[in-house]
Amino acid sequence: VQTCALPIYRRTRRKATFEAGNVSACPRRSENFEPTARTLSEYGVRGFSASSADRSMNYPDSVQFLYKLGNEIKSAKLGLERIQAVLAALGNPERAFRVVHVAGTNGKGSTCAMIEAGLRAAGDRTGLFTSPHLVEPTERIQIDGMPVSESQFAEAFDAVHKAAESIDLDCHPTYFETVTAMAFWLFRKHAVHTAVVEVGLGGRLDATNVVSPTLTDRKSTRLNSSHT
């Protein structure tokens, strides 16, 4: 069984905190799997209970949980199986809107911003998904030119996290996979018509490649060393 790191939820009197724990065997969830203190402790997940696993999280909790999943580049796991499974459990929100998919080396973020601004100026209801963020993770997901609120971010995290916990996965989705699914869930919930989506690390197995884009823009810079 693949070794992975899972966040450990530990509740204190003052606040909820998360610690990263190395888990030698990730629990394989079946259709009838119900988390209990015993089954979770068998996998090295200390401080978890069935009730805490189902608890809704606020914004600080959700951000801390995401950070404890690990650096999104170093912890990246190639493959679309996890995010496809999570999105299916959410009812495939990525199919509810048109997508402009932007890939390439440099200039992706600026290109996404310009495309989104043009669509919005034309009267389209837009979504924008980019990475990384500068200050707050909410910056990654925008609707009609505005970052989502902290409560919306927490609501989306809660939906994706519970979906991931309810299905048979080898490990919890990575930071980037989780936030990608959150963006698609929010875009559907808020009736976005066109979403501009920037790839993460890129390549065939990038988590954003679950979309069926209406338009794909591949940016490249001639002087970049990766093209010489």
Side-chain angles (χ1 to χ4, degrees), residues 2-29 33-37 39-77 79 81-83 85-87 89-90 93 129-141 147-186 189 200-201 207-208:
Q2 180 184 358
T3 300
C4 66
L6 286 178
I8 297 171
Y9 170 63
R10 178 168 295 163
R11 192 159 181 76
T12 65
R13 180 177 298 180
R14 291 180 138 189
K15 63 181 180 178
T17 60
F18 293 85
E19 298 176 2
N22 291 322
V23 182
S24 58
C26 300
R28 301 288 301 183
R29 299 213 182 273
F33 180 85
E34 290 293 335
T36 65
T39 56
L40 289 167
S41 64
E42 286 175 354
Y43 293 103
V45 183
R46 302 172 301 281
F48 244 115
S49 67
S51 59
S52 66
D54 294 332
R55 189 184 71 88
S56 295
M57 298 186 196
N58 58 26
Y59 178 69
D61 287 347
S62 62
V63 172
Q64 187 74 355
F65 192 107
L66 287 168
Y67 285 154
K68 291 301 182 182
L69 287 174
N71 180 284
E72 61 184 303
I73 296 178
K74 294 180 180 179
S75 65
K77 297 180 179 68
E81 296 81 7
R82 278 179 305 278
I83 189 167
V86 170
L87 290 172
L90 293 168
F129 177 59
T130 58
S131 61
H133 59 274
L134 295 178
V135 180
E136 290 289 339
T138 51
E139 299 165 15
R140 296 175 179 238
I141 307 171
V148 297
S149 66
E150 293 183 355
S151 61
Q152 289 170 334
F153 187 94
E155 182 186 18
F157 172 82
D158 198 46
V160 172
H161 176 62
K162 287 180 177 178
E165 289 292 300
S166 71
I167 57 179
D168 184 19
L169 294 176
D170 56 351
C171 293
H172 193 285
T174 65
Y175 185 117
F176 187 74
E177 289 171 337
T178 301
V179 180
T180 299
M182 289 167 56
F184 296 158
W185 187 86
L186 282 168
K189 178 179 175 63
L201 290 177
T208 63

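Because only heavy atoms are used, hydrogens play no part in the values below, and waters and symmetry mates are left out as well, while side chains stay in.
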From [X] [atom1] over to [Y] [atom2], what is the distance, rounded to the nearest 0.5 angstrom?
X    : Y    : atom1 : atom2 : result
S149 : E155 : OG    : CD    : 8.5 Å
K189 : Q152 : NZ    : CD    : 8.5 Å
H161 : T178 : NE2   : OG1   : 9.5 Å
L66  : F176 : CG    : CZ    : 12.5 Å
D158 : M182 : CG    : CE    : 10.0 Å

Show the numbers, then the answer: is there a side chain to side chain contact (heavy atoms under 4.5 Å, CB included) between T208 and F129? CA-CA 10 Å; T208 63; F129 177 59; 4.2 Å; yes

How close do V86 and P173 get, heavy atom to heavy atom, and via which atoms?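 Closest pair (atom of V86, atom of P173, distance): CG2-CG, 3.7 Å.
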
Minimum heavy-atom distance P93-F184, with the two atoms named: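 Smallest interatomic distance, heavy atoms only, reads CB-O, 3.5 Å.
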
Do R140 and P132 come close enough that some side-chain heavy atom pair is under 4.5 Å?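 They are in contact (side-chain heavy atoms under 4.5 Å apart), so the answer is yes.
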
Walk me through it: do V63 and F153 pass the test side chain to side chain contact (heavy atoms under 4.5 Å, CB included)? CA-CA 9 Å; V63 172; F153 187 94; 4.2 Å; yes

For the pair E177 (side chain) and A207 (backbone), establish whether a donor and an acceptor sit closer than 3.5 Å, ignoring hydrogens and angles.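 Looks like no, no N/O pair under 3.5 Å.
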
Hey, does the side chain of Q64 reach the backbone of D61 with a donor-acceptor pair shorter than 3.5 angstrom?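 Side chain of Q64 to backbone of D61, a donor-acceptor pair under 3.5 Å: no, none is there.
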
Partners passing side chain to side chain contact (heavy atoms under 4.5 Å, CB included) against E81 (at least two apart in sequence or in another chain):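 Side chain to side chain contact (heavy atoms under 4.5 Å, CB included) check on E81 returns nothing, list empty.
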
Using the ring of each side chain (for Trp, its six-membered ring), is H172 parallel, tilted or perpendicular to F65, with breaks at 30° and 60°?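 Answer is tilted, since the angle falls between 30° and 60°.
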
Is there a side chain to side chain contact (heavy atoms under 4.5 Å, CB included) between Y59 and T138? Walk through the geometry before answering. CA-CA 10 Å; Y59 178 69; T138 51; 3.7 Å; yes

As a quick check of understanding, evaluate side chain to side chain contact (heavy atoms under 4.5 Å, CB included) for L69 and T174, giving each step before the final call. CA-CA 6 Å; L69 287 174; T174 65; 6.0 Å; no

